[in-house]
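Have a look at the structure below, then the notes.
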There are 2 protein chains.
Amino acid sequence: MTAAGIRHEEMRSRNRALVIGAVRRSGQPSRTEIARLTGLSHSTISAIAADLIEEGVMQEAAPQGAAAPVRRGRPQVAIGLNPAAASAMCLYLSFNNMSAVLVDYCGRVIASKTRKLQTLSIGRDELVAATIEIAGELAAQHGAFMRVVLAVQGITNAEGTELLWSPIVSHAHVPFGPLLEEAFGVPATVQNDCNMIAVALRWHNPKLYRDNFVAILLSRGIGMGLVLDGKLFTGTRSSGGEFGHMVHRPGGALCRCGNRGCIEAYAGSYAIWRRAHGRDAAEKPVDDIEAEEMHQLAELARRQEGPARQAFREAGEALGFGLGNLFTLIDPAPVAIIGQGTAAFDILEPQIRRALAQTAGGQHAGTISFETQPIARPFIQHGSAMTALTALDKDLCTRLQSERMEKEQVA
Amino acid sequence: MTAAGIRHEEMRSRNRALVIGAVRRSGQPSRTEIARLTGLSHSTISAIAADLIEEGVMQEAAPQGAAAPVRRGRPQVAIGLNPAAASAMCLYLSFNNMSAVLVDYCGRVIASKTRKLQTLSIGRDELVAATIEIAGELAAQHGAFMRVVLAVQGITNAEGTELLWSPIVSHAHVPFGPLLEEAFGVPATVQNDCNMIAVALRWHNPKLYRDNFVAILLSRGIGMGLVLDGKLFTGTRSSGGEFGHMVHRPGGALCRCGNRGCIEAYAGSYAIWRRAHGRDAAEKPVDDIEAEEMHQLAELARRQEGPARQAFREAGEALGFGLGNLFTLIDPAPVAIIGQGTAAFDILEPQIRRALAQTAGGQHAGTISFETQPIARPFIQHGSAMTALTALDKDLCTRLQSERMEKEQVA
DNA sequence: AGCTTTTTTTCGAGACCCGAAAAAAAGAAT
DNA sequence: ATTCTTTTTTTCGGGTCTCGAAAAAAAGCT
């Protein structure tokens, strides 16, 4: 019930954040441009920009001959983020694979590294050790970092300190956050991979994916990242939005999670494979399916009627009813479909739309846009980077500001 | 992408709002108490309180002998909202009924009025005319009002200007907002009844219903009001959260909305009645069922196995899977069940919990709290009143502040 | 070289918050 | 009855921030 009043420092702090945000979004704006974007006066922008430049967060960019239109008047001075202001480590734990990407403050990749590891069989401590090791190696070779984000296929807690559960790791409640913070002495969070995809889409195509949209990851499982009102939607306790485990058919097909009838138990690749091969819907999901095999099933489904086509039909239906239920709660929004599963999207889409049209939320099924992206990894990495960097923006905003105030007190 | 910078006026404006909010929530706090609640300094509170008292928004309350503990020191001066500062008209359109309640700025009822009307058969213009008439009559007798909220069982647009669709009205897209604004010259919004219930619960029991909870209305249809992160959840375009029309069984029982398998088509009173009487699930829902008849069905279900018991079993199951799916998206939260349907909640609850336990979102089904309230109307009216009054708080905050500034300019 | 145009900085004014001190308003102690 | 103690509220001075207007800077145009 206690709400915080706004003090003076906070006003400056927020306006600083606003300026950094404007620069991050628009690349290399001039001070005038920033004033327009933020609605603050030129004098204020001038003052804040001077501070931030002195602090090394931003810098005046070299005038780019091409971009500057030849006009009268004093030329605008482009301002960009200082790539050396900070850097972030983006880790991504996927099935049997760990990757690390080091990015500078502008989001450009400095270096990256990948390593195989048996995610399902590896011990808890070895998993943590391997994570710390790969980040440590990259840092030793290419310089330290000020923040870590670990993206994982799985559920985290809402605070991003713990991996609560993951289909690709046989351990629950792994407190990656504190462990990484201890190892590197910098803030660290664990994030759901689909949430990172959603963040990335927002930077990637802000025109389409702006305030409200859905990102669905189709692979072995079904994941979702949801942006509502311009904010990443999370559960009250967990990373939330476990779309794939909404129940499509009560008592239906067996899901990896142990429950029955989940959307994933119809639309996950293992579920399509199981159905296409005429296996029992209650059969335990097989562990790993080659992408090539899924391609062949899709090809078969395209060619002729039969169990393969029926499998994809049921997958599309499950996704369609699921989206319809989601839209019943939040109203329709643009949908991005990402991942391997998009290879068969031509078969899925008609079924999705047909199912959507049978739900209250999908009344206008025709107007809903679907866009597909087969490769998820770059989105996950970009999303992790932007998550880390926007957090760094705030860190720099407040930390450097308080340093500045102390310095002035001495003087 | 354009975010507003914080200027000085806004800082004051927000802090004023914070003070009003603190007073509204805690009844009659002293200035010291307000400082504690808002985190602002005593000097600031003193200044803001002086302003607001001079403007007539708040007033120093008469010292209440009972409440004041005898202590040393200068006694605290209780500050309360000035009941005469504003007033609001709360309308509620339910099946065959329209009610109007006039409340003062403290939320106390000044007067109320009820009228029968045939909501399903009445013409569009007559409906609007009847709405304006009842509000006008009450105002003529008991004084004008500064804001209107019309609560309706149905879907509104996100802005609250239009009733998009309602099961109790045979007209779609009724722009109540502009029409009422034109008639009375004050701001008017249309709100979903369940959302109003959720707002009311938050004021009613802030301990349990604080940042995250679900309010489910069980009557002819199934409605939901959802609070996430302390904010009323709405769709991106509509009032949203149409829980009752999430699909429970694809292709299943016929729903009032025309689709098949909706939760409502199993758990709405008409659905229970239909199932208990052995009617076909595809049969068109009957229009109206007496409460007494539902009581008898529940009694029958309690007594013996048979279609009545099966009907309630399936209703509970539909609600349980629906809640499970919701929790899969947002994580578990306290649930309040409101309305006539709670009369049979003793039969429904075990089924709800059983179904919940079969979903990913309901893993900890045992820990989820259910609370029932049979009568919805007082909650809807209280929620409407608080919605209108908190909107008025903001109106007064900004309007009076700008008047004050103009006056000072003249002087 | 001077004029025009546009961007950026500087400067003074105004608004607001805060901490400290003062004032106010009690009860308790002498 | 007067003085002391305690607590609340107001007042005052200082500091920070934003803003508008004016000045300065840095071009192109004539």
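The chains referred to below are lettered A, B, ... by the order of the sequence lines, with proteins before strands, and numbering in each begins at 1. Note that this is a predicted model, so its numbers are computed, not measured.
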Determine yes or no for a side-chain-to-main-chain donor-acceptor pair under 3.5 angstrom, with B:Arg202 supplying the side chain and B:Arg210 the backbone. yes
Under-4.0 Å side-chain N/O to phosphate OP1/OP2 contact, A:Arg7 with C:dC16: no
Here the distance between atom P of D:dT18 and atom CZ of A:Arg16, to the nearest Å, is 10 Å
When rounded to whole Å, the CG to P distance for the pair A:Leu40 and D:dC17 reads 13 Å
Given atom CE of B:Met11 and atom P of D:dC19, what is their separation to the nearest angstrom? 11 Å
Side-chain N or O of A:Ser46 closer than 4.0 Å to phosphate OP1/OP2 of C:dT8: no
Within the structure, does a side-chain N or O atom of A:Asn15 lie under 4.0 Å from either OP1 or OP2 of D:dC17? no
Within 45° cone and under 6.0 Å: A:Arg24 NZ/CZ vs A:Tyr105 ring: yes
With a 3.5 Å cut-off and no angle check, do the side chains of A:Ser43 and A:Ser46 form a donor-acceptor pair? no
Residue pair B:Asn157 / B:Arg237, side-chain heavy-atom distance below 4.5 Å: no
For atom CD1 of A:Ile48 and atom C1' of D:dT16, their distance in whole Å: 12 Å
Can you find a heavy atom in the side chain of B:Met11 that is under 4.5 Å from one in the side chain of B:Asn15? yes
Per-nt protein contacts along nucleotides 20-30 of chain C (heavy atom under 4.0 Å; B base, S backbone sugar-phosphate only, - none) come out as ---BBBBBS--
note: A:Ile34, atom CD1; C:dT6, atom C1'; distance rounded to Å ~ 17 Å
Determine: side-chain N/O of A:Ser30 to OP1/OP2 of C:dT7, distance under 4.0 Å, yes or no. no
Would the base of D:dT16 count as contacting A:His8 through its side chain, where contact means a donor and an acceptor less than 3.5 Å apart? yes
Distance, rounded to the nearest Å, where B:Arg36 contributes CZ and D:dT7 contributes C1': 15 Å
Report yes if at least one side-chain N or O of A:Thr32 is closer than 4.0 Å to OP1 or OP2 of C:dT8; otherwise report no. yes
Value in whole Å for how far the C1' atom of C:dC18 lies from CD1 of B:Ile45: 12 Å
First of B:Ala49 and A:Ala47 reached from the 5' end of DNA chain D, by closest nucleotide: B:Ala49
Is any side-chain N or O of B:Arg12 closer than 4.0 Å to OP1 or OP2 of C:dC17? yes
A:Asp393 side chain to A:Ile20 backbone, donor-acceptor under 3.5 Å: no
Just the rounded figure in Å: distance from C1' of D:dT8 to CD of B:Gln28. 17 Å
Are the aromatic ring centres of B:His204 and B:Phe379 under 6.0 angstrom apart? yes
